[in-house]
Amino acid sequence: MQKATKLPTGYKALWLFFGAAYLVWMIFFLHWDTYPSNETGIFAFWVYPVWIVVSTVILLLFPVYMQQFLYREEKKSDKVFALVSLIVGCAFITFYTFLKDPRKYTASMIGLDYPWSFKLWGILSTESVFVNTCYMFRRYGYKSNVGLTAACIGCAALFITINVPSAGEDLILNSLRCMSHWTGALVFAFGAAAPVVMCLLHMSRKSKRFVLLTVFFCLVLAASLTLLVTVGKDGLIEGVPVWSVYVVLLLVNFSALLSPKEVAAGKV
């Protein structure tokens with residue numbers, strides 16, 4: 001049982017900075033979307049300020065997750081919460097990907113017609129991956145400030161992306177919105193993958209099964225990147241690395257094949 005400690009001040013300050021920066025960006029630099037949408041009427045003048053408050057509160061829940069899953073004594077409910085979070089996140093992301101033909105539309109392009117669903121897609125993906133990354137670190141006793149910081153930055157970055165859907169071929173965004181969208185998405189992709197890869201590599205020193213899982217995950221990431229560069233992006237190419245993260249986290253956190261005790265003893 002892990003001894004309870006407090007969330008380090010550095011992480012508290014980091015998330016307070018993210019929250020403040022997000023508020024400033026939303027209030028002073030971003031105006032609500034006015035694109036035609038299947039979810040009509042959602043951007044009434046009073047909805048946008050409510051969304052600012054709600055999304056900021058959700059953003060500031062992430063240090064709470066860190067405290068619960070990394071710096072407090074483990075509870076049985078932690079495993080249930082992490083597993084439910086993973087299942088719900090994966091299920092909704094899969095559902096969202098097929099709202100339109102994924103061979104023609106990326107997640108952000110779907111967000112032009114379904115902006116609230118796009119926002120929920122971003123919130124559930126960040127929350128489920130972040131919670132399970134923290135749970136993975138605690139489950140195997142792995143510590144990495146670099147990995148955790150990357151995860152924090154990545155999750156915060158996607159909160160920018162979900163407010164700025166891609167314009168696609170028919171709409172034009174100004175440079176600030178384009179930069180916000182692409183930067184947030186790329187930073188999240190790196191921030192989500194980096195701590196998982198780091199933990200897998202660390203555990204590979206002790207377990208052959210972790211070696212196989214690490215090779216699988218890295219090959220998927222490399223293949224996805226190659227397809228994005230050579231073929232171009234679509235919903236399926238974007239979705240494969242996301243689904244692979246869920247598969248890896250499911251196996252690492254909830255599979256008996258990778259028992260922390262057996263891994264530590266070098267039995268698997």
Side-chain angles (χ1 to χ4, degrees), residues 1-2 65-66 69-71 74 76 78-91 93-94 97 125-155 157-158 185-231 233 236-268:
M1 185 73 69
Q2 178 174 321
Y65 297 142
M66 292 185 71
F69 286 91
L70 281 173
Y71 298 101
E74 184 173 357
K76 292 182 179 179
D78 290 348
K79 184 174 183 178
V80 175
F81 184 91
L83 180 57
V84 170
S85 172
L86 197 70
I87 293 173
V88 171
C90 185
I93 287 170
T94 303
T97 300
S125 60
T126 53
E127 184 270 344
S128 56
V129 171
F130 187 78
V131 164
N132 277 274
T133 298
C134 291
Y135 185 75
M136 173 181 64
F137 275 34
R138 184 173 67 183
R139 186 169 193 244
Y140 293 95
Y142 178 65
K143 297 180 180 180
S144 171
N145 287 327
V146 173
L148 280 178
T149 301
C152 293
I153 294 173
C155 288
L158 198 63
L186 291 173
V187 172
F188 170 70
F190 173 80
V196 176
V197 171
M198 291 171 66
C199 185
L200 291 178
L201 288 172
H202 175 78
M203 299 308 297
S204 292
R205 302 173 184 176
K206 305 177 182 180
S207 168
K208 294 180 180 179
R209 293 178 183 176
F210 263 100
V211 172
L212 295 175
L213 192 58
T214 303
V215 171
F216 160 76
F217 188 49
C218 289
L219 285 176
V220 171
L221 295 180
S224 299
L225 180 60
T226 301
L227 289 173
L228 283 172
V229 173
T230 58
V231 178
K233 63 178 183 176
L236 292 178
I237 293 176
E238 282 188 348
V240 167
V242 178
W243 289 315
S244 70
V245 169
Y246 281 105
V247 170
V248 168
L249 289 173
L250 181 66
L251 291 174
V252 169
N253 287 342
F254 308 105
S255 173
L257 295 174
L258 294 169
S259 166
K261 292 183 179 180
E262 292 185 352
V263 169
K267 296 181 180 181
V268 295

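Here the side chains of Val240 and Leu227 are not in contact, with every heavy-atom distance at 4.5 Å or above. Between Leu251 and Arg209 the shortest side-chain heavy-atom distance does not fall below 4.5 Å. Contact of the Leu158 side chain with the Ser125 side chain is registered, since non-hydrogen atoms from C-beta on lie closer than 4.5 Å. For the pair Phe69/Glu74, no side-chain contact is recorded, criterion being any heavy-atom separation below 4.5 Å from C-beta on. A heavy-atom distance below 4.5 Å is not found between the side chains of Ser224 and Glu238.
With Val84 as the fixed residue, the side chain to side chain contact (heavy atoms under 4.5 Å, CB included) test singles out one of Ile87, Leu86, Val80: Val80.
Arg139 places a side-chain N or O within donor-acceptor distance of the main-chain N or O of Val252, the cut-off being under 3.5 Å.
Between Phe137 and Tyr142, the angle of the ring planes goes over 60°, which puts this pair in the perpendicular group of the 30/60° scheme.
Remark: Glu127 pairs with Ser85 by the side-chain hydrogen bond (donor to acceptor under 3.5 Å, both in side chains) rule, at least two apart or across chains. Under the ring-ring contact (aromatic ring centres under 6.0 Å, His included) criterion, Phe217 pairs with no residue at all, not counting sequence neighbours. With sequence neighbours excluded, the residues satisfying side-chain hydrogen bond (donor to acceptor under 3.5 Å, both in side chains) with Thr94 are Trp243. For Ser128, the side-chain hydrogen bond (donor to acceptor under 3.5 Å, both in side chains) partners two or more places apart in sequence, or in a different chain, are Tyr246. With sequence neighbours excluded, the residues forming a side-chain hydrogen bond (donor to acceptor under 3.5 Å, both in side chains) with Asn253 are Asn132, listed by chain and number.
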Which pairs would a plain distance check flag for residues 186-204, meaning a side-chain donor or acceptor within less than 3.5 Å of a matching protein atom at least two apart in sequence or in another chain?
from	atom 1	to	atom 2	distance (Å)
Ser204	OG	Leu200	O	2.7
Ser204	OG	Phe210	O	3.3
Ser204	OG	Thr214	OG1	3.0

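When all heavy atoms are compared, the tightest approach of Tyr135 to Ala82 is CG-CB, 4.2 Å.
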